[in-house]
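Data block below; observations after.
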Amino acid sequence: MRVSMTVNGKAVSGEVEPRTLLVEFLRNQLGLTGTHVGCDTSQCGCCVVHVDGVSVKSCTMLAVQADGASVTTIEGLAQGGKLHPLQQAFHEHHGLQCGFCTPGMIMSAADLLQRNPDPTEHEVREWLEGNLCRCTGYHNIVKAILAAAQTMRGMAKAAE
Amino acid sequence: MVDKGIGARVPRKEDLRFITGRGRYTDDINQPGQVYAVFVRSPHAHARIKRIDKGPALAMPGVLAVLDGQDVAADGLGNLICGWLVKSKDGSPMKMGKHPLLAQEKVRYVGDRVAVVVAETREQAKDAAEALVVEYEELPAVVDLAHAHDAPALVHDEIPNNLCYDWELGDKAAVDAAFAKAHHVTKMELVNNRLVPNAMEPRAAIGHYDPGQDAYTLYLTSQNPHVHRLVISAFIGIAPEHKLRVVAPDVGGGFGSKIFIYGEECVVLWASKKVGGRPVKWVAERSESFLTDAHGRDHVTTAELALDKDGNFLALRVNTKANLGGYMSTFSSCIPTYLYATLLAGQYKTPAIYCDVQAYYTNTAPVDAYRGAGRPEASFLLETLVDQAAIEMGMDPAEIRRKNFIPKTAFPYQTPVALVYDTGDYEACLDEALRLVDYAGFPARRAESERRGKLRGIGISCYIEACGIAPSAVVGSLGAGVGLWESAKVRFTHTGKVQVLTGTHTHGQGHETTFSQLVAEKLGVPYEDVEVIHGDTEKTPVGMGTYGSRSLAVGGEAIVKACDKIIAKGKKIAAHLLEASEADIEFKDGKFTVAGTDKSKTIGEVVFAAYVPHNYPPGLEPGMEEGAFFDPPNFTFPAGTYVCEVEVDPQTGEVDIVKFVAVDDFGNVVNPLIVEGQVHGGLVQGIGQALLEGVRYDEGGQLLTGSYMDYCMPRADDVPSFEVHTSRGTACTSNSLGVKGCGEAGAIGAPAAVINAIRNAIGVRVEMPATPERVWRAIQASPLAKAAE
């Protein structure tokens with residue numbers, strides 16, 4: 001089956017089996033290996049991408065379901081050579097160790113901050129329920145997301 | 001002081017690739033002509049393989065090979081090994097059951113490797129694996145550790161009572177004598193729950209045989225690529241060591257589970273030759289990780305503490321049954337022995353200690369090192385036992401500990417269980433932790449919780465750890481099959497840039513940053529000019545890898561030694577260039593100076609002279625590249641105090657951690673940002689063990705906790721933010737850096753703090769994991785509940 005979609009702003013298409021998952025299409029056919037697979041039950045969140053602006057576990061969506069959609073992966077988050085505030089904050093606050101859960105964490109957090117630009121620590125922790133990390137104990141991930149939220153609010157204010 | 005040198009909170013240089021999706025993990029690598037392996041696994045815990053019919057699988061589209069245990073035997077491949085020989089009390093060696101790459105005759109746990117299917121695509125391999133016909137004769141399974149000794153079934157037919165070894169440590173007579181005159185004995189039965197390590201990246205491997213070179217390359221998820229190369233070459237016999245390159249690229253977490261040499265990684269390497277040298281890739285699905293990654297912990301223990309009337313510890317007696325699973329794993333023998341019983345002194349001056357350990361085979365996944373490896377089990381036992389003793393003696397849990405601490409004036413301190421602690425100040429950590437948690441204010445906080453219908457508790461845990469297992473000669477005398485030194489090479493280029501090649505491996509620990517800071521400090525070069533290279537046996541010197549919090553204390557010190565050689569050679573060159581005596585040259589902040597003058601050469605100028613030796617000391621070799629190996633004189637001994645405060649909802653049994661303070665003595669700290677991150681991660685693994693995680697097999701040996709739907713991993717909303725302090729350090733004397741290691745502390749110290757806090761809240765001890773159901777049931781049975789009725 002042929003699928004066509006926009007990935008990180010670029011039109012792409014390819015032949016897939018009906019059972020091909022979106023994450024398999026991204027990783028194996030487009031070579032976008034930043035999106036990871038950490039489980040087989042849709043729990044870990046290593047594979048989170050945005051489909052039409054909304055965070056989605058790409059291991060739980062068929063490639064054909066994304067036909068015609070606009071997909072953003074971790075590779076597409078930095079704009080114009082400048083890191084996204086979340087990427088910058090994860091770096092500054094040591095919000096990652098082995099890095100395997102990181103793309104999913106950042107993509108998930110990006111969706112949180114577009115829904116709720118000023119979350120409490122509790123709200124951040126609740127939102128991350130679908131993203132597992134075994135290295136950081138979440139402490140610095142939460143800190144990074146709260147810091148990025150502050151930066152982004154500042155940017156939004158400056159743009160007004 | 002160098003910018004971004006030792007002690008600086010430098011954000012990590014490795015982050016950029018990970019936050020932009022450009023990490024390079026094994027599954028991100030694809031090679032021309034690559035084909036895919038899928039393993040056929042045993043659905044039974046214990047069965048005889050009666051027949052394998054490869055025909056239907058071989059007939060499936062795209063299938064290139066189907067290989068089983070008979071093919072392994074026909075090619076004369078060796079068995080997987082356990083690299084540490086433990087001897088029983090009677091001097092007999094441990095009984096090691098054969099562990100073939102693919103099962104031969106019998107399968108011994110659900111998930112045991114029966115065959116591998118190699119096909120053009122992963123989907124084809126999966127479909128063909130479904131088609132493979134395997135007939136089994138089911139056998140009764142041994143699952144329950146407590147009854148493995150008398151079980152009707154034998155995991156390995158030739159090993160009676162499923163007993164691998166019956167080992168002891170300590171002076172039994174002295175302990176018995178102390179118990180005989182004790183004023184009080186505190187006795188406990190405890191279970192240390194079995195855990196699945198769960199690195200977020202599942203294991204993966206790409207094996208490639210190149211017929212042109214007659215050489216092999218293995219990409220895999222490893223914490224120690226040189227150890228993989230050694231075992232695959234020397235014991236499995238797939239390729240000679242000089243013809244085998246092992247590469248561990250970015251690795252997504254290890255926690256011990258990627259130390260070991262498993263069958264799958266060996267099989268894909270072997271299979272590549274079988275399919276004409278096409279690269280063969282295997283990536284575990286998470287369900288395979290649950291079934292087959294070496295699990296951790298799994299002890300059943302009886303522990304007794306003898307005390308005098310003032311609460312002084314007189315003796316400790318421990319009996320532990322340890323689960324090995326269906327086979328011995330690479331280091332499984334030493335975990336419940338030398339990395340466990342040797343830690344039973346903890347932070348205390350208990351004069352007599354005796355521990356014996358029976359290790360049993362069961363029809364479950366192999367058990368080996370998982371973050372802390374033996375030390376969390378020891379610490380949990382001791383710290384819950386001491387707490388129980390305090391309750392029984394009517395003493396404050398902080399004070400009974402303080403009373404029995406090894407005083408800071410007593411170091412170096414010989415424990416009754418083999419170790420010599422070099423430095424420590426346990427009271428300083430305890431005091432700081434009690435201050436930070438506001439121990440004195442706890443009764444008021446408890447009363448406030450009570451007004452809201454909640455039960456509040458506080459729990460203390462004073463852990464000790466032994467990191468950087470060494471020296472080689474000593475561990476060798478205890479049965480280790482390898483040396484436990486570490487290696488480094490420091491290489492300058494013409495232009496003054498530095499490459500650091502290390503035998504350790506980073507899979508989240510941030511070596512690229514920490515080691516760069518180290519070299520920047522030692523050589524006075526900009527941090528940005530240092531590149532750390534690791535994980536490729538073709539590039540780095542032979543090294544033993546990363547586990548047991550050894551990388552900085554052992555590997556970092558090897559780097560320091562290589563830097564020292566660079567400086568020594570640089571002094572010769574500088575003396576020549578400056579027309580001075582070598583003895584008069586001083587090196588500081590990247591400059592060689594003639595003492596007492598302003599005549600100097602920068603390290604860059606000296607390095608350039610070494611590579612362009614036009615004006616150069618006669619007889620001195622050109623170039624600036626030095627290597628070093630470091631075999632430490634002793635373990636390092638990080639220690640600290642953790643205090644946990646919980647609030648329990650008596651209606652639901654739910655435990656909420658409201659406060660958690662960690663005060664650690666890691667000696668000197670190179671990068672506090674990274675060290676704190678290591679503690680956070682360890683704490684959550686410890687809290688996971690205490691509250692959430694636990695492997696369950698049913699009576700027939702089926703894994704009930706085989707996915708993230710059934711095995712409860714700590715999530716962000718299960719845990720609090722932490723107060724972590726590492727400022728109360730006593731410098732380690734076993735390395736020049738004074739560092740001790742920080743990777744496992746959290747996982748070692750946290751479980752007892754949590755469990756003690758729950759006991760303090762509800763009045764009874766709850767086994768781990770203290771799930772809401774267990775806590776609720778315990779509350780119903782507790783004296784507090786009875787009193788309320």
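Naming convention: chains lettered A, B, ... in sequence-line order (proteins, then strands); numbering from 1 in each chain.
- Of all non-hydrogen atoms in B:Phe722 and A:Gly137, the two that sit nearest each other are CE1-O, 4.3 Å.
- Side-chain contact between A:Arg125 and B:Ser721: present, with at least one pair of heavy atoms (C-beta onward) separated by less than 4.5 Å.
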Would you check, one step at a time, whether the test side chain to side chain contact (heavy atoms under 4.5 Å, CB included) holds for A:Arg19 with B:Glu123? CA-CA 10 Å; A:Arg19 62 177 166 179; B:Glu123 291 73 21; 2.9 Å; yes
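- Between chain A and the residues B:Gly746, B:Pro720, B:Ala284, the most heavy-atom pairs under 4.5 angstrom are made by B:Pro720.
- Here the side chain of A:Arg134 pairs no donor or acceptor atom with the backbone of B:Phe255 at under 3.5 angstrom.
- Rounded to the nearest 0.5 Å, atoms NE2 (A:His94) and OG1 (B:Thr513) are 8.5 Å apart.
- Rounded to the nearest 0.5 Å, atoms SG (A:Cys44) and CD (B:Glu201) are 12.0 Å apart.
- Counting only distance, with no hydrogens or angles, the side chain of B:Arg286 and the backbone of A:Asp40 share no donor-acceptor pair below 3.5 Å.
- The candidate with the highest count of non-hydrogen atom pairs below 4.5 Å against chain B, out of A:Ile106, A:Leu32, A:Val37, A:Ile74, is A:Ile74.
- Looking at B:Val251, only its backbone comes within 4.5 Å of chain A, counting heavy atoms on both sides.
- Looking only at side-chain heavy atoms (C-beta outward), A:His93 and B:Pro11 stay at 4.5 Å or farther from each other.
- Of the atoms belonging to B:Leu683, not a single heavy atom falls under 4.5 Å from chain A.
- The choice from A:His91, A:His84, A:Gln87 that makes the most heavy-atom pairs within less than 4.5 Å of chain B is A:His91.
- Counting heavy-atom pairs closer than 4.5 Å to chain B, the top-ranked of the candidates A:Leu128, A:Asn131, A:Asn140 is A:Asn140.
- Closest approach of A:Leu83 to B:Thr20, counting heavy atoms only: CD2-CG2, 3.7 Å.
- No donor-acceptor distance shorter than 3.5 angstrom exists from the side chain of A:Tyr138 to the backbone of B:Val719, with no hydrogens or angles considered.
- A:Leu96 and B:Phe18 make their closest contact through CD1-CB, 3.5 Å (heavy atoms, listed as atom of the first residue, atom of the second, distance).
- By the neighbour-count criterion of 12 heavy atoms within 6.0 Å, atom CD of A:Glu121 is densely surrounded, having more than that number from other residues, nucleotides or ligands.
- Distance alone, capped at 3.5 Å, places no donor-acceptor pair between the B:Arg17 side chain and the A:Gly99 backbone.
- Heavy atoms of A:Cys46 lying under 4.5 Å from chain B belong exclusively to its side chain.
- Each of A:Ala78, A:Gly31, A:Cys39 has some count of heavy-atom pairs under 4.5 Å with chain B, and the biggest count is that of A:Cys39.
- Residues A:Phe100 and B:Tyr25 come closest through the heavy atom pair N-OH, 3.2 Å.
- Proximity of a side-chain donor or acceptor of B:Asp15 to a complementary backbone N or O of A:Phe90 within less than 3.5 Å is not detected.
- Put simply, of B:Ile687, B:Val679, B:Ile674, the one with the most heavy-atom pairs under 4.5 Å next to chain A is B:Ile674.
- Annotation: side chain of A:His36 is in contact with side chain of B:Asp28 (closest heavy-atom distance under 4.5 Å).
- Separation of atoms NE2 (B:His680) and SG (A:Cys133) is listed at 12.0 Å; rounding is to 0.5 Å.
- No more than 12 heavy-atom neighbours from other residues, nucleotides or ligands sit within 6.0 angstrom of CD on A:Gln150.
- Only the backbone of A:Glu92 comes within less than 4.5 Å of a heavy atom in chain B; its side chain stays farther off.
- For the side chain to side chain donor-acceptor pair (under 3.5 Å) test with A:Gln97, the passing option among B:Gln678, B:Gln509, B:Arg12 is B:Gln678; the others fail.
- Contact between B:Arg715 and A:Leu132 at its shortest, heavy atoms only, is CG-CD2, 3.7 Å.
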Dump the intermediate steps for side chain to side chain contact (heavy atoms under 4.5 Å, CB included) on A:Arg27 and B:Asp27, then the final yes or no. CA-CA 10 Å; A:Arg27 285 181 57 85; B:Asp27 189 29; 3.2 Å; yes
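- Taking all atoms of both residues into account, the shortest heavy-atom contact from B:Ser707 to A:Thr41 is CB-CG2, 3.9 Å.
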